[in-house]
Amino acid sequence: MARLAQTAGLTDIQQEILSTVRDFVDKEIIPVATELEHRDEYPQAIVDGLKELGLFGLMIPEEYGGLGESLLTYALCVEEIARGWMSVSGIINTHFIVAYMLKQHGTQEQKDHFLPRMAAGDIRGAFSMSEPALGSDVSAITSKAVRDGEEYVLNGQKMWLTNGGTSSLVAVLVRSDEGHPEGTAPHKSMTTFLVEKEPGFGEVRPGLTIPGKIDKMGYKGVDTTELIMDGLRVPADRVLGGVTGRGFYQMMDGVEVGRVNVAARGCGVAQRAFELGVQYAQQRHTFGRQIAQHQAIQFKLAEMATKVEAAHAMMVNAARKKDSGERNDLEAGMAKYLASEYCKEVVEDAFRIHGGYGFSKEYEIERLYREAPMLLIGEGTAEIQKMIIGRRLLEEYRFQG
């Protein structure tokens with residue numbers, strides 16, 4: 001039988017890229033992922049391998065040294081990488097969101113300056129919206145930028161910054177009231193700044209501190225941090241797009257890419273959980289036969305495989321919609337919501353199939369069981385996705401009475 005989650009209509013180049021990534025995952029990621037995860041160790045050798053494969057430039061246009069591939073190709077690569085270890089997909093996700101925002105919204109000077117080095121993997125990107133007192137309520141951002149001659153002075157604290165320590169470029173969303181009179185809607189007085197910094201922790205440039213890694217239940221290896229700005233001076237030419245007040249829209253455009261990415265991660269983790277479950281079900285014997293021969297286990301496997309297929313199909317649809325140039329917030333929201341929920345359910349069923357051994361750190365499913373919950377909240381909770389979906393449906397199906 002063919003593997004689950006196959007994608008129709010791929011070009012020869014796409015198939016070759018996916019085959020290369022899948023081979024890399026099987027040989028270089030899966031054998032070491034659990035050990036590195038238990039040590040919460042940054043996977044430098046894996047990242048170096050991805051750099052050699054050119055994956056940091058996958059969606060960056062060829063004119064800037066990238067491969068110029070589509071969001072679909074990227075999402076399918078993320079699916080494969082997350083199947084090996086979800087944390088590795090997180091390392092490239094924020095990088096690609098920043099690269100995408102630069103490609104779509106940056107000035108020509110900003111593109112020329114950053115994209116070639118991002119394509120080579122020499123600059124690693126991170127993006128920052130959340131703050132300690134807010135999550136999905138982006139309009140409540142309090143971090144602020146004030147103009148001072150040819151610079152802006154940034155102050156505030158940001159939270160949940162993936163790649164906060166290892167990145168060298170951070171897209172930071174802050175309030176900027178310059179040119180926006182009092183009473184302007186919050187989302188119209190926000191600006192994205194391109195903040196360059198040294199990788200590492202502590203004061204990474206004057207006025208900018210990365211305190212250290214946040215200790216997490218799962219999603220280990222990749223560094224998740226705070227970001228503290230205290231009199232951080234940023235040149236005016238590092239306003240993304242060169243004009244203030246557009247940051248919210250720029251970030252939301254990037255988040256749509258991020259939501260497809262999170263859906264792809266959910267698909268990849270769910271695929272791995274299914275593989276582990278179906279394999280263990282054929283190794284474990286009870287009452288004189290494989291547990292895979294028991295109807296109760298077969299029902300679980302059938303449900304798991306169906307969920308893997310459904311989530312994959314919705315993720316592919318959302319990516320193709322974005323690639324076509326159309327608005328895809330509805331499709332991305334649906335894909336992210338379904339894939340993350342199904343991922344949690346498939347992982348839990350695989351965990352149940354493993355029985356008591358699923359609770360042991362010697363078995364890979366234990367790691368997946370701790371990783372899956374992050375997808376329920378990353379790039380917007382299920383509740384936020386349902387709000388987006390509901391509003392868009394009312395736009396499309398407006399009753400004419």
Side-chain angles (χ1 to χ4, degrees), residues 71 75 78 82 86 89-90 93-94 96-98 100-101 126-143 157-162 171-175 185-190 192 214 216-219 224 226 246-270 307 310-311 314-315 317-319 321-322 326-345 347 371-397:
L71 177 59
V78 166
M86 190 179 73
S89 66
N93 176 43
T94 56
F96 269 105
I97 291 178
V98 177
Y100 174 82
M101 290 168 61
F127 80 108
S128 179
M129 291 193 297
S130 291
E131 296 184 359
L134 65 94
S136 300
D137 185 11
V138 180
S139 65
I141 281 176
T142 60
S143 297
Q157 184 176 1
K158 310 297 281 187
M159 193 69 174
W160 306 118
L161 191 68
T162 301
V172 183
L173 184 66
V174 300
R175 295 180 61 86
H187 62 278
K188 292 184 178 180
S189 59
M190 293 184 185
T192 302
I214 297 170
K216 309 182 296 285
M217 175 178 74
Y219 198 41
T224 305
E226 298 175 70
R246 298 179 180 176
F248 178 83
Y249 305 101
Q250 294 164 346
M251 281 281 181
M252 290 304 104
D253 190 23
V255 165
E256 285 183 12
V257 172
R259 285 179 178 146
V260 173
N261 171 284
V262 172
R265 289 196 228 182
C267 292
V269 174
K307 289 172 180 176
M314 293 198 73
M315 179 271 290
N317 180 56
K321 192 76 178 284
K322 187 78 170 176
E326 298 180 68
R327 180 179 178 181
N328 86 327
D329 53 342
L330 174 63
E331 291 77 11
M334 285 181 168
K336 191 275 174 185
Y337 168 59
L338 191 79
S340 58
E341 295 291 334
Y342 275 0
C343 176
K344 172 184 71 74
E345 294 169 11
V347 168
E371 289 179 337
M374 196 286 290
L375 299 172
L376 300 173
I377 54 176
E379 309 293 0
T381 64
E383 289 72 24
I384 290 294
Q385 307 310 318
K386 287 188 274 190
M387 283 176 56
I388 294 169
I389 294 165
R391 289 171 181 170
R392 287 286 287 114
L393 289 173
L394 289 173
E395 289 179 17
E396 296 293 334
Y397 290 87

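The residues of the chain are indexed from 1 along the displayed sequence. Computed from a prediction, not measured in an experiment: that's the story for all the values here.
Residue pairs meeting the salt bridge (Lys or Arg N to Asp or Glu O under 4.0 Å) criterion with at least one member in residues 255-264, sequence neighbours excluded, are E256-K322. Counting only residues at least two apart or in different chains, salt bridge (Lys or Arg N to Asp or Glu O under 4.0 Å) contacts with residues 330-339 comprise K321-E331. Residues in residues 371-383 take part in these salt bridge (Lys or Arg N to Asp or Glu O under 4.0 Å) pairs, two or more places apart or across chains: R367-E371.
Applying the ring-ring contact (aromatic ring centres under 6.0 Å, His included) test to F248 and every residue at least two apart in sequence or in another chain returns H187. For K386, there are no side-chain hydrogen bond (donor to acceptor under 3.5 Å, both in side chains) partners two or more places apart in sequence or in a different chain. Judged as a ring-ring contact (aromatic ring centres under 6.0 Å, His included), and not counting sequence neighbours, the contacts of F96 are Y74. P373 pairs by the side-chain contact (heavy atoms from CB on, under 4.5 Å) definition with M217, not counting sequence neighbours. Partners of T224 according to the side-chain hydrogen bond (donor to acceptor under 3.5 Å, both in side chains) rule, which considers only residues two or more places apart in sequence or in another chain, are K216. Residues satisfying the side-chain hydrogen bond (donor to acceptor under 3.5 Å, both in side chains) criterion with E341, sequence neighbours excluded, are absent altogether. Under the rule for a side-chain hydrogen bond (donor to acceptor under 3.5 Å, both in side chains), the partners of K307 that lie at least two apart in sequence or sit in another chain are E345. With sequence neighbours excluded, the residues that form a salt bridge (charged side-chain N to carboxylate O under 4.0 Å, His left out) with R392 are D329, E395, E396.
Considering only heavy atoms from C-beta on, T381 stays 4.5 Å or farther from L376 through its side chain. By the 4.5 Å heavy-atom criterion applied to side chains, D253 and V255 are not counted as neighbours. Taking 4.5 Å as the limit, every side-chain heavy atom of N317 sits out of range of all side-chain heavy atoms of M334. Within the 4.5 Å cutoff, side-chain heavy atoms of E226 are placed close to those of Q157. Looking at L330 and I389, their side chains come closer than 4.5 Å, going by heavy atoms from C-beta outward.
A donor-acceptor pair is defined here as one N or O able to donate and one able to accept, closer than 3.5 Å; such a pair exists between the side chain of Q385 and the backbone of G380. Looking at E131, its side chain does come within 3.5 Å of a backbone N or O of S143 through a donor-acceptor pair. The backbone N or O of A318 lies less than 3.5 Å from a partner atom in the side chain of N328, making a donor-acceptor pair.
Atom OH of Y249 is separated from atom CE of M101 by 14.5 Å, given to the nearest 0.5 angstrom. Between atom CD1 of residue I384 and atom CD1 of residue I377 there is a gap of 12.5 Å, rounded to the nearest 0.5 Å.
The shortest non-hydrogen separation linking F127 to L161 is O-CD1, 3.2 Å.
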